[in-house]
Amino acid sequence: MTLVGLAERWPRRLWMAALLVLFVLFIVLPFVMILLQAFGNDWFGLRFLPAHWTLRWFRWAIDTVDIPKVLLNTLVIGLLATLFSLAISLPAAWAIARRRLALRPLLIGLVLFPRMIPEITFALGVAKVFYALNLNNTYIGIALAHVVLAAPFAVLVLISTFEGVDARLLEAASVMGSSGVSLMTRVILPMAIPGIVAAAIFSFLSSYNDFVLTLLLYGPQTTTLPVQTYLSIGNGYTSVAGAISVILLIPSMAFLVAMLRLVKPENLLGGLKGA
Amino acid sequence: MSTPRLEVEHVRKSFGGLEALRDVSVAVQAGEFLTLLGPSGCGKTTLMRTITGYLRPDGGSIRMDGRDITDVPTHQRNMGMVFQSFALFPHLTVAGNLAFPLSLRGVSRSEQQLRVAEALRMVRLESLADAYPRQLSGGQQQRVGLARALIYQPSVLLLDEPLSNLDLRMREELRLEISEITRRLGITSVYVTHDQEEAFALSDRVAVMSQGQIVQTGTPREIYEHPRTRFVAAFIGMSNFLPVVVSGGVATVEGVAGTIDASHLGEPSGPCTLFIRPLDITLVAGEDPGVNRLVCRVVDAVFMGERMDYVLELGAGLRLKGQADPGVVFARDSRVTAVIPPGKVTRITD
């Protein structure tokens, strides 16, 4: 290793180190703060570390705000929203990816539109309509509202998934006698599984993390974790809110890990040769 | 002759303004192995796809056992196809790939297992039933492709350049295997390739294609020995073209000592092009013009191992390629006589 080589290598490493520090500051530190708040007693940000460690905030969260019920609400609404989102996104993405549609850019723009404007602008309209239809304070109503947030990402992911399905495999399947439903369920969907799983994850998390739409539609039977966190902060229980936040993280993580284990991208390579 | 298994009649197909198929007609008898041979872009793959139904012809018809299937969709044609890209399903194991067409046909599980095992034995891949395509070599993948195309006993087997993604050794091995298996099963086969050697090794008959048309159909021997056009002659093997003037059964080359017997080439008289393979020319030392004896000068002599390759000049800038046994060598610039056997000369059109 020459001196010049060393000199060229060091700045690169410094950059990497700096980026790592920034990453920690922006992404990891907020989580650390939440953890400190959730598990700490006598802290309130006045000391470097809490004076005592405790689980009492979790106890409070479970006893006073019925966390199991809130968690169940959140999960059911998330799963419903994922189902609805996939039911809409799969055919929409297939049509955009595989048919030669004249208005393709316009369609993609329309699909993405809800994510380009502030949620509150359409949340009010949605709330008004849903109250009129008695869909507020119902699982289905809140899940349907969440589809507006979930579907755009799902459609985008699925368009590129379907575009990536090799036309030569479809030709082969159809020569072998496959068409219509069997072509879709036995060839296209199995090969699209990684994309479908990604779309499901995005959809679930869009619903799971939503605050604004839920806040305008929730009722006593349909309080979700983000809304409950907000309510606890409003009541002055910041440490309870921290505990709820930690609880909020656990299913997210479990969901992500489970989904990633289901998908084995390496199974979808090979079997084809040439461009 | 009985009704052909497969008939293509006056099929036309254009893409935009480009005519990919211009009035193509060809018939394949049951049990016959036909190859569509031609350079890339000649329309052979397009023709294959109109046969599978993946492309709809603009005109003409496709018949199977006399029945018009032009409007029958691909998945109902019961054809088997081997693809250049292998086209195995990456999400299924070898056994899963083989069982796929069977389960589409409602074959019971136990029967599926029997037939998959039998198909694997046929292509000698018994041990790889549970492997995924990505774990196999190219040759193994294509053998799975072949087994998958045959396992449901299709009425016609189509092979679209199945060997072009394999290395040379594997190509020869699999070619033999394809030949053996198709002959043993007696299945009607249509094979697409740009490789003359493959076409000759496998086929009962070869249809040479150029610019969206079949220019000549015949056994490999007929095509090699009696090409009808300059394109066929030049595409298949090495060839010489001689511009001659025929008059009274005798062909003469302008400015060259010696003539060629043209009595068997028929009428009419006048200028035309004769064709002869380099290997058919025999070289004799010295100038000895006569009937079927043309005097020429050795321009280049190259030792190729099993033979000598010569470039000969007949005068007036007209050159011939010649091949000869390396036992006798004619030096550059020496005068020799090219002896042309009368049966080896063919009149061709441009």
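Reminder, nothing fancy here: chain letters follow the sequence lines and each chain counts from 1.
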Nearest heavy-atom contact between B/I187 and B/L150 is CD1-CD2, 3.7 Å
- Task: Compute whether any side-chain donor of one residue and acceptor of the other, for B/R171 and B/N165, lie under 3.5 angstrom apart.
- Result: no
Distance-only side-chain donor-acceptor flag, B/D195 / B/T193, under 3.5 Å
no
Between A/S207 and A/H146 the two heavy atoms that sit nearest each other are OG-ND1, 2.8 Å
The interface call for B/T74 against chain A, heavy-atom contacts under 4.5 Å, is both
Of B/L104, B/T52, B/L158, B/V144, the largest count of non-hydrogen pairs under 4.5 angstrom with chain A goes to B/L104
So, the part of A/S182 with a heavy atom under 4.5 Å from chain B: the answer is side chain
Pair count under 4.5 Å, heavy atoms only, with chain A: among B/S164, B/G80, B/G53, B/S103, highest is B/S103
